[in-house]
Structure formats: structure tokens, C-alpha cells
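One structure is given below, encoded as C-alpha cells.
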Amino acid sequence: MKKFFLKFFLLLPLSVIIIGTNYYTDPANLFSNSKIENKISKLIIAHKNFSGIDSFDERIMQKNIINSFEESPKIISLGSSRIMQIESNLFSDNTFFNHFVSGASLEDFIAIMGMYFDKGIKPEIVIIGLDPWLLNKNNGQTRWISLKEEYNNGLLRLGGKAKFTFNFPGWNKWSQLISLAYFQESFTYLIKRKKKMLETTDKPNETSSVIRFDGSRGLSKIERERTSEEVSKMANEYASEEPVYSLGDFNELDQELKTNFNLFILFLVGQNVKPIFVLAPYHPKAYKKIIKKYAVVAEAEAFYKKYAFDNGIDLVGSYNPDISNTDCSLFYDGMHLKVDFYRTILPDLILKNLKK
């Protein structure tokens with residue numbers, strides 16, 4: 001018992017630092033009374049772009065936006081930040097909305113589509129960015145808990161079993177006070193002394209990144225102007241992380257996640273919603289390191305490709321940049337692509353699949 005209390009008091013100062021930094025810096029505005037997600041949602045609903053805020057609860061924003069829809073866009077996309085460059089001008093005059101959320105997991109997909117069906121509306125086409133970690137039960141992604149009720153309701157609709165989550169009011173928000181991942185983000189903001197200032201903009205080439213009215217994200221000036229050498233260095237550093245983002249303890253494809261994925265896709269097809277799969281490649285230097293450390297990433301790709309073939313679903317791309325013919329110039333870091341990549345693979349495919 002004495003050893004326990006000794007350890008407790010030794011750890012207390014570190015705990016205080018983490019909690020204090022997370023609360024004071026608060027890069028995602030979790031503890032702000034400004035209700036930033038409501039402000040952002042209203043701007044997007046009013047067809048305005050915004051900049052100045054890089055981090056907020058993207059799930060709540062998606063919820064607000066879908067609740068505002070009187071009818072569904074013809075085309076939507078689901079996925080992580082790896083598909084956030086897909087924008088409406090790729091699809092001619094057809095309506096489009098990008099529902100990307102950072103670190104997207106299968107739970108996010110089910111929750112977001114569930115909100116559409118709750119409203120009695122649905123898109124014609126859903127572009128789905130399939131990251132390998134969607135099938136990793138140890139991916140560490142918990143941000144979907146902001147939509148836990150929508151997820152559980154959605155999974156029940158699919159015929160799955162609801163997932164237990166903490167039901168304490170605001171648990172997901174307050175748990176971030178002791179989150180080491182949130183501390184890392186908070187510390188970075190603190191060092192950079194980054195100001196959080198929401199601004200509307202009509203400029204296509206802002207100095208900071210821009211969230212557009214169609215949900216997509218425009219690159220910042222720094223991201224657009226990175227040299228190939230800088231991007232290659234970033235790719236090496238990204239793939240050298242232990243673990244690589246969301247691939248920790250990824251030793252096998254999780255059976256429960258595969259089952260829920262199947263239920264999700266079959267439900268979409270049953271509702272006459274056309275899914276299209278996209279496998280966003282990794283930067284060539286990053287992919288070589290990733291595949292050596294996580295051979296299961298190739299298994300995930302093989303699973304998605306076989307599933308698409310067996311169910312008559314269009315699939316484009318590959319995690320392997322050689323297979324997808326993606327050179328270094330199409331990346332702005334180790335895992336994110338410029339819009340040029342999507343411009344080459346999506347417009348014709350989408351137009352072919354739209355109802356006449």
C-alpha cells in the first residue's frame with residue numbers, strides 16, 4: 001500500500017501538467033463555451049468557407065450539417081483525412097458533400113449514414129475511403145464516441161449488436177483531459193502559440209487551410225509549396241513512428257469489424273445506394289517502411305479488393321503507390337494526397353454510376 005501511494009504522489013505532478021495543458025490550450029475547443037461546432041456548421045450550411053480553426057469536434061459538425069439537409073446530396077464521401085481533398089468541382093453540376101473526419105473508423109461510417117436514414121434521405125453514391133486501420137481493433141480511434149448513440153442505432157438498423165460505451169454525460173470530452181494524445185496536440189499548439197480565430201473566406205488559396213462549404217479541405221500555403229525533398233523527409237519520419245498512425249498491434253484483420261463492414265455495405269446496396277471504394281496510396285517512401293512492419297496492411301487491401309470483386313463494387317486505388325501509379329509529386333506528406341490524385345480516378349467513374 002505504501003508503494004502505491006508513493007507512485008501516486010510521484011505521478012501527480014505529471015498528471016497536473018497534462019490536465020492543465022489540455023484544459024488551457026484546448027486545441028479542439030472541447031472546453032470552450034463558444035460552441036464552435038455550431039458556428040462552423042452554420043457557415044457551411046450557408047455555403048461559406050472558413051479558416052483559422054484546424055481542430056474541433058468534426059463529428060458534431062457532421063451531425064449538425066446532416067440535420068440541416070432537407071434533401072441529400074447526390075454524391076457524398078466517407079473517410080478519414082486521407083480523402084479530404086475530394087471536392088465538389090470534380091463532379092460537374094452534381095451536388096456533393098465530403099463527410100471526412102480525422103482518424104475515421106467504421107463506427108463513424110455507420111453513424112453518419114445512420115443519420116441520413118434517420119432523416120429519410122439518402123445519396124445515390126457513397127465514395128468510401130477504406131484505410132487499413134478500419135479492420136484493426138487496436139487502431140486507438142475513439143473520437144467516434146461523439147456519435148455513440150447514432151452509431152449504436154445505426155448498427156442495430158444493420159442487424160448488428162450495439163456496442164457498449166461510457167454513458168456518463170460528456171465522458172468523451174472530459175476524458176481528453178488525461179489523454180496523452182490530446183496533450184501532444186495541446187503542447188504543439190502551445191509551442192507554436194497558435195491562435196484559434198474563425199474566419200470566413202472566399203479566397204481559393206488561403207495562407208492557412210480552408211474547410212470548404214462542401215466539407216472538403218483546401219491546403220495551406222505551406223502544404224502547397226513543400227518541396228519533394230521536404231515531403232520525402234516527412235514520409236520517412238511518419239513511417240518511422242512507433243507505432244505508425246492507427247496501425248499499432250495490427251496483427252490480423254478483426255473478425256467483428258469485417259462482419260460489421262459487410263453488414264454496412266450490404267445495407268447500402270439494399271437501399272439502392274451505390275458504394276464506390278477508394279484505397280488512398282501512401283507516399284512511396286512511407287509505404288516501403290509500413291509494409292515491412294505491418295504485412296497485414298497488404299492483407300487488408302486484398303480483403304477489400306476481393307470483397308469489391310465478389311459484390312460487384314467499383315474499387316480504385318491501392319495503398320501501394322506503384323500499383324496505383326502514384327508518384328511523389330501527388331503527396332504533401334507521408335499519408336495525404338493532393339486533389340490531383342482524385343481528379344484522375346473519380347470524375348468519370350462517378351458520372352458513369354449516377355442514375356440517368
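Quantities reported herein were computed from a predicted structural model and do not represent experimental measurements.
Taking the side chain as every heavy atom from C-beta outward, Trp133 and Ser80 approach each other to under 4.5 Å. In this structure, the side chains of Tyr282 and Arg82 come closer than 4.5 Å at one or more pairs of heavy atoms. Here the side chains of Lys289 and Val244 are not in contact, with every heavy-atom distance at 4.5 Å or above. The side-chain heavy atoms of Phe264 and Ile128, taken from C-beta on, include a pair separated by under 4.5 Å. Looking only at side-chain heavy atoms (C-beta outward), Arg212 and Asn98 stay at 4.5 Å or farther from each other. The shortest side-chain heavy-atom distance between Val297 and Leu247 falls under the 4.5 Å cut-off. Residues Phe261 and Leu130 meet the side-chain proximity criterion, which asks for heavy atoms closer than 4.5 Å. Ile291 places none of its side-chain heavy atoms less than 4.5 Å from the side chain of Asn320.
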(message) Under the criterion side-chain contact (heavy atoms from CB on, under 4.5 Å), I'd like the reasoning laid out for Asn260 against Glu107: C-alpha separation, chi angles, the key distance, then a yes or no.
(response) CA-CA 9 Å; Asn260 289 345; Glu107 292 89 348; over 6 Å; no

(request) I would like to know whether Asp108 and Arg143 meet salt bridge (charged side-chain N to carboxylate O under 4.0 Å, His left out); could you show each step before the answer? (result) CA-CA 9 Å; Asp108 288 307; Arg143 284 174 281 187; over 6 Å; no

(request) Apply side-chain contact (heavy atoms from CB on, under 4.5 Å) to the pair Ile44 and Phe97, showing each step before the final yes or no. (result) CA-CA 10 Å; Ile44 290 178; Phe97 198 87; 3.7 Å; yes

(message) Assess the residue pair Tyr287 and Asp322 against the criterion (side chain to side chain donor-acceptor pair (under 3.5 Å)); give the C-alpha distance rounded to whole Å, side-chain angles, the decisive distance to 0.1 Å, and a yes or no.
(response) CA-CA 10 Å; Tyr287 182 77; Asp322 292 334; over 6 Å; no

(message) Let's go through Tyr245 and Gln141 carefully: what are the C-alpha distance in whole Å and the side-chain angles of both, what is the deciding distance for side chain to side chain donor-acceptor pair (under 3.5 Å) to 0.1 Å, and is it a yes or a no?
(response) CA-CA 10 Å; Tyr245 185 79; Gln141 295 296 343; 3.0 Å; yes

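Ile323 and Met335 are assigned to two separate hydrophobic clusters, defined by single-linkage of ILVMFWY side chains at heavy-atom distances under 4.5 Å. Hydrophobic clustering (ILVMFWY, side-chain heavy atoms < 4.5 Å, transitive): Tyr151 and Val101 are in distinct clusters. Ile45 and Ile60 are members of different hydrophobic clusters when ILVMFWY side chains are connected at heavy-atom separations under 4.5 Å.
Ring pair Phe91/Phe96: centre-to-centre distance below 6.0 Å.
Screening Tyr116, Phe117, Phe109 for a ring pair (Phe, Tyr, Trp, His ring centres under 6.0 Å) with Phe267, the sole residue that qualifies is Phe117. Here the options are Val316, Ile127, Asp314, Ile265, the test is side chain to side chain contact (heavy atoms under 4.5 Å, CB included), and the partner is Phe277; only Ile265 passes. For the ring pair (Phe, Tyr, Trp, His ring centres under 6.0 Å) test with His283, the passing option among Tyr238, Phe341, Phe331 is Phe331; the others fail. Each of His336, Lys338, Arg217 was scored for a side chain to side chain contact (heavy atoms under 4.5 Å, CB included) with Glu223, with one residue passing: Arg217.
Residues forming a salt bridge (charged side-chain N to carboxylate O under 4.0 Å, His left out) with Asp340 (at least two apart in sequence, or on another chain): Arg343.
Contact between Ile112 and Gln62 at its shortest, heavy atoms only, is CD1-CG, 4.5 Å.
Distance alone, capped at 3.5 Å, is enough to place a donor-acceptor pair between the Glu37 side chain and the Asp57 backbone.
Side-chain contact, Asp214 with Ser216: a donor N or O sits under 3.5 Å from an acceptor N or O.
Here the CD1-CD1 distance, from Ile350 to Ile276, works out to 3.5 Å after rounding to the nearest 0.5 Å. Rounded to the nearest 0.5 angstrom, Phe303 CZ and Leu135 CG are separated by 6.0 Å. In this structure, Lys39 NZ and Asn64 CG are separated by 13.5 Å, a value rounded to the nearest 0.5 Å.
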